[in-house]
2 protein chains.
Amino acid sequence: MEPMALGKDYAHQQCSIARALEVVGERWTLLVVRDAFYGVRRYNDFLTHLGAPRAVLAARLQALVEAGVLDRRRYQESPPRDEYVLTARGLALWPVLRALGAWGRAEVPGAVPVRHFHHADCGTELGPYGECPACRVPVPPGDVEMRPGAGLDPDPGDPVGRALLGTRRLLVPLPHGWEGGNS
Amino acid sequence: MEPMALGKDYAHQQCSIARALEVVGERWTLLVVRDAFYGVRRYNDFLTHLGAPRAVLAARLQALVEAGVLDRRRYQESPPRDEYVLTARGLALWPVLRALGAWGRAEVPGAVPVRHFHHADCGTELGPYGECPACRVPVPPGDVEMRPGAGLDPDPGDPVGRALLGTRRLLVPLPHGWEGGNS
DNA sequence: CAGGGTCAGTTCATTCAATGAACCTTGGTG
DNA sequence: CACCAAGGTTCATTGAATGAACTGACCCTG
């Protein structure tokens, strides 16, 4: 059998859903993409925030780059360091994450809202498909403001989780190098 | 460590997306749900259409029943036979499948549309979130008509694939026992 | 310039899940 | 009674995930 990168072999399925799952259907993959929307860009930040094994994370990042979902690019030369940012194809996954999150919030029992997503332009909370009910337009992820909800752990163990506590705009990179912030 | 049914252990994630993926994030699971929308209800039909190993299918069906996504119910007594049908919670996954399918069609290279989904009331093709652009309402899956697209294999090997060739309304169970139809 | 620290991985032994084939059970059919 | 269908279960094998340890490039501090 052929190498097949890591395709899960249900490519033969006559279905765009199956094709999408070939790319983003593996364990951890969609959580990596979610974190990328939250502003995570560096290997170590994905690592600490996700808690995934290092080898798995490396494999997923590489697969997402090969699939054109993430772009790997140099952000400093001296110790050569790369970051992973969403491409247009990756940004197009926003409705998938919205739909999954909406379902997880509404349909999994005992779910307290962890985060809220608002239209940055007008402050209205987004509808289930990522549209703004007030402006009646689909809101691109760059115009989404993420606000903490009641279910959000106010003191996560990892620094990335702490950086994601406040109100933030999606896709804005996590702060690095300057100063942690509070305390 | 606790039994944990088959939860993939990223439940600790502070995120409704992660909670959703706990339920439907495993290999094959979303394809089972997709087939349920297409009208597949029986173990053997899932089996032949998906090509998943029997043990995996049995595990996924059971997990989906326990998660309240599918309902298992007796459809005949004499040889006792059960079928699996979507619950309200399962039906709420329709936007997730729509979003995944839309992304797979639009963003995975070389994808020819396999199926089209239309509003049964007016015939308009659905938008990316499952809404009807003409009626401007979200279309519940029961009002969706599925039509074959150019990318659909006109002669699939399995009988279930053949039964799904034509124009069908979602959720309508596959024909059984009477007569196959054509040829 | 030795020692320690950071970042981004790779390697490796172990564990766990997926695969495919065979088998089993219940109840009908010829 | 032999055979078949539906809906599984069991089991050996393969493959992927896990977590810990290690590597290597580069910087900083004393």
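Numbers restart at 1 for each chain; the letters A, B, ... are given by sequence-line order, proteins then strands. Because the structure is predicted, anything quoted here is derived from the model rather than measured. Side chains included, hydrogens not; waters and symmetry mates left out as well; all remaining heavy atoms used.
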Check whether any side-chain N or O of B:Arg72 sits under 4.0 Å from OP1 or OP2 of D:dG7, and answer yes or no.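 The answer is no; no side-chain N or O of B:Arg72 sits under 4.0 Å from OP1 or OP2.
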Tell me whether the OP1 or OP2 atom of D:dG7 has a side-chain N or O from B:Tyr75 closer than 4.0 Å.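 Affirmative; the distance criterion is met.
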Please round to the nearest 0.5 Å and tell me the distance separating atom CE of A:Met146 and atom CG of A:Leu164.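 That separation rounds to 5.0 Å.
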Report yes or no: does B:His116 contribute a side-chain atom to a donor-acceptor pair with the main-chain N or O of B:Arg147 at less than 3.5 Å?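 No, because the side chain of B:His116 does not come within donor-acceptor range (under 3.5 Å) of the backbone of B:Arg147.
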Taking the side chain as every heavy atom from C-beta outward, state whether A:Arg41 and A:Arg73 have any atom pair closer than 4.5 Å.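 When only atoms from C-beta onward are counted, A:Arg73 and A:Arg41 do touch, with a gap below 4.5 Å.
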Heavy-atom side-chain contact between B:Arg115 and B:Tyr38 under 4.5 Å: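 B:Arg115 vs B:Tyr38: side chains touch.
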Is A:Phe46 touching bases, backbone alone, or none of the nucleic acid, heavy atoms closer than 4.0 Å?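 The residue A:Phe46 makes no contact with any strand.
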Rounded to whole angstroms, how far apart are [atom1] on [X] and [atom2] on [N]?
| X | N | atom1 | atom2 | answer |
| --- | --- | --- | --- | --- |
| B:Leu47 | D:dG7 | CG | C1' | 9 Å |
| A:Gln76 | C:dT6 | CD | C1' | 10 Å |
| A:Tyr84 | C:dC7 | OH | P | 15 Å |
| B:Gln62 | D:dT9 | CD | P | 7 Å |
| B:Glu83 | D:dG8 | CD | C1' | 17 Å |
| A:Arg74 | C:dA8 | CZ | C1' | 11 Å |
| A:Leu57 | D:dA17 | CG | C1' | 13 Å |
| B:Leu31 | C:dA18 | CG | C1' | 15 Å |

Could you run through nucleotides 20-30 of chain D and give me one letter per nucleotide, 5' to 3': B if any protein heavy atom sits under 4.0 Å from the base, S if only the sugar-phosphate is that close, - if neither? -B----SS---
For DNA chain D, find the residues of residues 36-44 of chain B with a heavy-atom distance under 4.0 Å and give them by number; none if there aren't any.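 Contacting residues: B:Arg42, B:Tyr43, B:Asn44.
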Quick one: do A:Leu57 and A:Tyr43 satisfy side chain to side chain contact (heavy atoms under 4.5 Å, CB included)? Show the steps, please. CA-CA 8 Å; A:Leu57 177 60; A:Tyr43 181 90; 4.0 Å; yes
Of the options B:Val23, B:Val33, B:Leu86, which is the one that meets B:Leu93 in a side-chain contact (heavy atoms from CB on, under 4.5 Å)?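 Running side-chain contact (heavy atoms from CB on, under 4.5 Å) over B:Val23, B:Val33, B:Leu86 with B:Leu93 returns exactly one hit, B:Val33.
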Over all heavy atoms of both residues, which pair between B:Arg72 and B:Tyr84 is shortest? Give the atoms and the distance, please.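 Between these two residues, the closest heavy atoms are CZ-OH, 3.5 Å.
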Aromatic ring pairing A:Tyr129/B:Tyr129, orientation class (parallel under 30°, perpendicular over 60°, tilted between):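 Geometry flag for B:Tyr129 against A:Tyr129: parallel rings.
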With sequence neighbours excluded, what pairs up with A:Glu77 under the side-chain contact (heavy atoms from CB on, under 4.5 Å) test?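 Result, side-chain contact (heavy atoms from CB on, under 4.5 Å) vs A:Glu77: A:Arg74.
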